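In listed order, ligands and their atoms are each counted from 1. What you see is a predicted model, and the numbers here were worked out from it, not measured in a lab.
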Amino acid sequence: TTQVKQLSISLQSESLGQGSFTHIFRGSKTDQRDGVTHSTEVLLKVLDANHKNCWESFFEAASLMSQISHKHLLLVYDIMVQEFVKHGALDLYLKKSTSVSVSWKLDVAKQLACALNFLEEKNIAHGNICAKNLLLAREGDPSTDNSPFIKLSDPGISMALLDRIPWVAPEVLNTLEIELECDKWSFGSTLWEIFNNGEAPLQGLDPIHKQQFYEHFSNLPALEWTELADLISQCMQYQPELRPSCRSIIRQLNSLITSDYEILHASDTLPK
Ligand SMILES: Nc1cnc(-c2cc(N)nc3[nH]ccc23)cn1
C-alpha cells in the first residue's frame, strides 16, 4: 500500500505578465529520508485552463529539463498531481469492509464497465484494470440507498508483467502490446476480485506458477453465482476476439442487477 505523504503547497499565484500560460505557486516538498525530514522549496507551474492547447510545449519544456542535469541548469521534478479520491483503492476498502452488499458490488462493476465502454469508444486501452486502480469517491450508504461512486485511476507505471498475472491478458506476455480486448480480460479478473472481497486472484502463487496458469490455459475458481461466473469466464477467454463487447458486458450486468439472485442472496441488511 502506498503511503500518502504530505506535500504542502501554498497558493501564492504570481502573474507572469500579460501573456501568462501558467499559474505559479510556491510550495515546499517534504521528504522523509532515513527518518530525517527534508524540506525543499519548490515552485509549481500549473498550466492555465484556457491554455490547454499548448500542453505539448508545456510538457516538452519540462521533459527536456528533466532529462539532463547540470549544476547551472534548473532541476525539474517529475510529478503527477491527481484529484484526491477520499476512500482510496477498492481492494483495500473491500478487504477492510465486512458487509458490502451484492447490489453495491454490481453497481461498482457497472460503473467500471461504463468507464471501459467510454475508453472503447475512444479506442483507448487502459492496460491496468484492477481493483487497486479503482478509487472509491463515495462509499454509498445502504440505509439511505446512497450508491457508491468509483473513479478508474491512471494505468500507473505497470509492474513486472508476471506480477500482474492474472490481470494482464495472456496475449500481452507474447505481444507486449495492449489492445482493447486486454481490458476485457482484466475486467473479468477485477470482477472476480470485487466478488471475493478484494482478495487478489492467484495470490500466493509465485511468478513461475503464475506463468504456468497461462500456459495451461487455466481459469480462476468459479464463483457460486453461475451467471456471474459465466460473465467472468466470457471476459477471461484466452482468444481475445471471443471476449464480449462492453455493451454486452453492461447488458449482462443489468440482467444480474435485476435477477432474483440479487434479492434472494442480498447480503445487505434490507431496511426494516
Ligand atoms: N488519486 C488518488 C489516489 N489515491 C488516493 C488515496 C486515498 C486514500 N484514502 N488513501 C490512500 N492511500 C494511498 C493513496 C490513497 C486518493 N486519490
Checklist entry - Hey, which atoms in ligand 1 end up nearer than 4.0 Å to a heavy atom of Gln82? => result 1 (N), 2 (C), 3 (C)
Checklist entry - If you group Ile, Leu, Val, Met, Phe, Trp and Tyr by side-chain heavy-atom gaps below 4.5 Å, do Leu242 and Leu116 land in one group? => result no
Item to check | For Leu135, the ligand 1 atoms whose distance to one of its heavy atoms is below 4.0 Å | outcome: 1 (N), 2 (C), 3 (C)
Next on the checklist: Out of all atoms in ligand 1, which are within 4.0 Å of some heavy atom of Glu83? Include the element for each.
Outcome noted: 1 (N), 2 (C), 17 (N)
Checklist entry - By number and element, which atoms of ligand 1 are closer than 4.0 Å to a non-hydrogen atom of Gly88? => result 6 (C), 7 (C), 8 (C), 9 (N)
Item to check | Residues forming a salt bridge (charged side-chain N to carboxylate O under 4.0 Å, His left out) with Lys96, sequence neighbours excluded | outcome: none
Item to check | Salt bridge flag under 4.0 Å for residues Arg243 and Glu120 | outcome: no
Item to check | Same apolar cluster (I L V M F W Y, side chains within < 4.5 Å links), Val108/Leu152 | outcome: yes
Checklist outcome for this item: For Val85, the ligand 1 atoms with a heavy-atom partner under 4.0 Å come out as 2 (C), 5 (C), 7 (C), 16 (C), 17 (N)
Checklist entry - So, the side chain of Ser189 versus the backbone of Ser186: is there a donor-acceptor pair under 3.5 Å, distance only? => result no
Checklist entry - What residue pairs, at least two apart or across chains, pass ring-ring contact (aromatic ring centres under 6.0 Å, His included) with a residue in residues 80-100? => result Tyr93-Trp104
Checklist entry - So, is Phe84 polar-close to ligand 1, with some N/O to N/O distance under 3.5 Å? => result no
Item to check | Any N/O pair His87/ligand 1 closer than 3.5 Å | outcome: no
